[in-house]
Amino acid sequence: MPVPRYAYLGPAGTFTEAALRQVASPDEARYLPQTDVVSAIEAVRSHQADFAVVAIESTAEGGVTATLDALAVGEPLVLLREMLVPVGFTLVAAPGVRLEDVRRISAHPHAWVQCRRWLAEHVPGAVHVPATSNTAPAALIAEQVASGGGPQLAFDAALVPPPAVAHYGLEVLAEHVEDNDRAVTRFVLVGRPGEVPPPTGADKTTLDVHLPSNEAGALLDMLEQFAARGVNLSRIESRPIGDALGRYSFSIDAEGHIADERMGEVLIGLHRVCPHVRFLGSYPRADDVQAVVRRGTADEDFVAAREWLRSLRAGRTH
Ligand SMILES: O=C(O)C(=O)C[C@]1(C(=O)O)C=C[C@@H](O)C=C1
């Protein structure tokens, strides 16, 4: 059996790597670090990787737009699993730097927003130097230290995941600098379409849907497909399609599995009323919360109703 290859946002020590470790240990898989989520997703499309692990949603920012946009177009891919990683940050620097000397802080844009209040209070006026990942600046500091001082860095300190501190041998300026101690990021395992993971009773289905242009009530029509079948949504976001102003696609996470009768009926309904529906997979929920099945929406209810219709069509009257 060939060793499965996983593309993910590196370098080593990112939260994305923590999510990947929940899927496959480095002893049984090849980890392929990438500089951004789009490259990780494209590595699967180009067959350089078998799977990608990417952030899709965070308690700080909602949907990760780079991921949503990369999944919405191009060769179809599917989500196979979701992983949750608690997120917190440590402010680090090269040895010798003091907190009062810090003016420029390197951080992934999502990390910066998650520490904004702490930074405004403790390092007022600090300038954000955007980084490609949470550990990219850590690797640069470690390189500079290893090269005995090397070329000057464009920043004085960096926000990094706590496990990266020991990995890169960094100096801690402050711990727990995150504003929300319940921050979580949701990651997904992305693969090429094939078999859909079996239903577990606690599943999610991800879709990308376009609405008919210039039609009053089109959004309501689309949402009614879910509401009428008792399917709850856990995320819905609009993203520009890009071909004209005012044209948006809707990225949706719905509770349930495509194998559930009610979800099947939702997809049939969406196919009827929406010009474009991309199925991005049904997969087990990381929190294992079972879907609440509203009265009249269990599999048996749909099967019985279909049987009743069949008998009416066959000439019976009840
Ligand atoms: O995986 C990482 O460490 C990242 O840098 C990425 C990322 C993200 O894309 O949202 C992951 C988790 C945190 O919410 C901040 C940044």
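Along the sequence shown, the residues carry numbers beginning at 1. Counting starts at 1 for both ligands and their atoms, following the listed order.
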Sub-4.0 Å heavy-atom environment of ligand 1, residues by chain: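 Protein residues near ligand 1 are Leu9, Thr14, Phe15, Thr16, Ala55, His108, His110, Gln114, Ser133, Asn134, Thr185, Phe187.
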Glu215 atom CD: more than 12 heavy-atom contacts under 6.0 Å: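 Count over threshold, so yes.
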Side-chain (Glu265) to main-chain (Phe302) donor-acceptor, under 3.5 angstrom: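 A pair under 3.5 Å: no.
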Thr35 and Thr132: side chain donor to acceptor below 3.5 Å: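 No donor-acceptor contact under 3.5 Å links the two side chains.
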Minimal non-hydrogen separation, Ala254 against Leu233, with atom names: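 Where Ala254 meets Leu233 most closely, the heavy atoms are CB-CD2, 3.8 Å.
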Nonpolar side-chain network containing Phe155, other nodes, edges under 4.5 Å: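 ILVMFWY cluster around Phe155 also holds Val92, Val129, Leu140, Ile141, Val145, Leu153, Val160, Val165, Tyr168, Leu170, Val172.
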Geometric class of the Tyr6/Phe51 ring pair [parallel <30°, tilted 30-60°, perpendicular >60°]: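 Parallel: the ring planes of Phe51 and Tyr6 meet at under 30°.
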